[in-house]
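Okay, structure first, notes after.
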2 protein chains.
Amino acid sequence: MDTAIPTPAPRRNSAGKREQTKAQNRQLILDAARGVFAEMGYGAATVRDIIRATPLASGTFYNYFKSKEEIYQAIRDEVALAIRPLLREERMKATTVEEFISGTFRTFFEFVASDRIDFRTIRHSADTTRVRVDTPEVIAGFDELREDIETAMARGMFAPVDADYLMAAIAGVAFEVAESMMRREVPDPAGAAVFATQLFLGGIRTLPHKRAAAPGG
Amino acid sequence: MDTAIPTPAPRRNSAGKREQTKAQNRQLILDAARGVFAEMGYGAATVRDIIRATPLASGTFYNYFKSKEEIYQAIRDEVALAIRPLLREERMKATTVEEFISGTFRTFFEFVASDRIDFRTIRHSADTTRVRVDTPEVIAGFDELREDIETAMARGMFAPVDADYLMAAIAGVAFEVAESMMRREVPDPAGAAVFATQLFLGGIRTLPHKRAAAPGG
DNA sequence: TCGATCCGTGACGAACCGTCAACTTTTGCG
DNA sequence: CGCAAAAGTTGACGGTTCGTCACGGATCGA
């Protein structure tokens, strides 16, 4: 107590070297996996392909992830963890059903269209097989949506309806329209959001018209 | 040339034995695959598991299907081929947008809830991984839907809107709500159809109310 | 009845998986 | 500093699945 605290201080402001290397390696592997998945698709990729894209040895992979599926889940989780607070905040500040719906779709489509995610990794086999992994983090996102729907109904923002179906409908439209949007030359998150929002608020007959082929030729 | 057509007639009303065996074997393998996929999920199943569930040898599998993915596609195709004409017919006889939308959803949900398909095979790994294979047959189903949407718009059943997005929205709601429906104790295709139809026709505020907890306490 | 053709068979080589004993680096402590 | 314990890395290994292929038996056409 009285003499001197014997400077146990060699602690750098950052972590120890071992911990630092672990974080680096994990990131190294995650980055490699993203690249490999985007390039050849989830199905065709092997754990060896991923590790070959790093300077590490094959056994090391398994110190960080149990399998190809688990690292894919980790990548999905990064996305889920990034978008969930954005969606939640948007819905929290909504006071009308219009804000609730439009905020949800606008945030979702903008996130998907942003370069924050590589959409090929999400769809991740551009050809025929689409794998969707529902990790706890992803499921938590769905649960939050249903909670928020129920809260909004309780607050009288709209009449009580089947929350499970409504959640499913919102999620289905979000995912499928996002996919359609990303197939276009230049994705238009705003347009997709307007479409989805108006569909939910007023139904098909209130959707913005799309002008037909130019009349003048 | 001129003498007599030498009765090439030993043709039975059905096909030759070879052809018959081939059809049998193919069906044998398909049935086994359905069972195996339903039991242990697509990811965990191996080609050997499937062939072990038949009296055939391992090599024979590859005379009929190139891989596990291909046989899964074949199973999906059976479903797609079964439901597509039903959907098409329903949409063909629609004269109003109400009939178009409600016919589509009702037919889809009833088909899913019927025992004509094993829904576990479609979702087919109940736990975390969902694989969706977009085979040509499946894609053709989407194309038909978009065609029919465009035809309906041309006929003035509703104003011209973005057909890609509308198709995506219908498909997204159909698949996700179907999944939600099938998670219930007793699936209610009629209820799901009413929900989806009303969502598309009038928007969220016109959905049938779900009575809240009994008001009288 | 007899060749030609087709198809089922199961063993085989290749590829990938996940593990593990040996080795290297880091850490804690005198 | 030096040393022993702890932690992490390495790559080779046994086990499993994959897809092929040479063989042999069944079917077909004449």
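Numbers restart at 1 for each chain; the letters A, B, ... are given by sequence-line order, proteins then strands.
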Mind checking whether [X] and [Y] have parallel, tilted or perpendicular rings, split at 30° and 60°?
X      : Y      : value
A/F200 : A/F105 : tilted
B/F37  : B/Y72  : perpendicular
A/F61  : A/F65  : tilted
B/F175 : B/F108 : perpendicular

Would you please say whether a donor-acceptor pair under 3.5 Å links the side chains of B/T46 and B/D49? yes

Between C/dT9, D/dT10, D/dC28, which one does the side chain of B/K17 approach most closely? D/dC28

Just compare D/dT10, C/dT27, C/dC6 and give me whichever is closest to any side-chain atom of B/R18.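 That would be C/dC6.
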
Look at the side-chain N and O atoms of [X] and state whether any lies under 4.0 Å from the OP1 or OP2 oxygen of [N].
X     : N     : value
B/T60 : C/dT9 : yes
B/K22 : C/dC7 : yes
A/Y64 : D/dG8 : no
A/N63 : D/dT9 : yes
B/N25 : C/dG8 : yes

Salt bridge or not between A/D164 and B/R183? Use side-chain N to carboxylate O under 4.0 Å.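 Result for this pair is no, no salt bridge flagged.
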
[X] [atom1] - [N] [atom2] separation (whole Å):
X     : N      : atom1 : atom2 : result
B/E69 : D/dG19 : CD    : P     : 11 Å
A/Q20 : C/dT27 : CD    : C1'   : 15 Å
B/Q24 : C/dC6  : CD    : P     : 20 Å
A/I51 : D/dG11 : CD1   : P     : 11 Å
A/F61 : D/dG8  : CZ    : C1'   : 16 Å

Bend of the helix from C/dT1-D/dA30 to C/dG30-D/dC1 from end-axis comparison, five pairs per end, nearest 10°, comes to 20°

Would you classify B/F65 as touching base, sugar-phosphate or nothing, given that sugar-phosphate means primed atoms plus P, OP1 and OP2, and contacts are heavy atoms under 4.0 Å?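 Result for B/F65 = nothing.
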
Quick one: which protein N/O atoms are closer than 3.5 Å to N/O atoms of nucleotides 12-17 of chain C? Pair and distance per line, please.
| unit_1 | atom_1 | unit_2 | atom_2 | d |
| --- | --- | --- | --- | --- |
| C/dC17 | OP1 | A/V47 | N | 3.1 |

More than 12 heavy atoms of other residues, nucleotides or ligands under 6.0 Å from CD of A/Q24: yes or no?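 Yes, CD of A/Q24 has more than 12 neighbouring heavy atoms, counting only those of other groups under 6.0 Å.
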
Does the B/S114 side chain pair with the main chain of B/F111, one donor and one acceptor, at a distance under 3.5 Å?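 Between the backbone of B/F111 and the side chain of B/S114 there is a qualifying donor-acceptor contact (under 3.5 Å).
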
Main chain of B/E137, side chain of B/R84: is a donor-acceptor contact present, judged purely on distance under 3.5 Å? yes

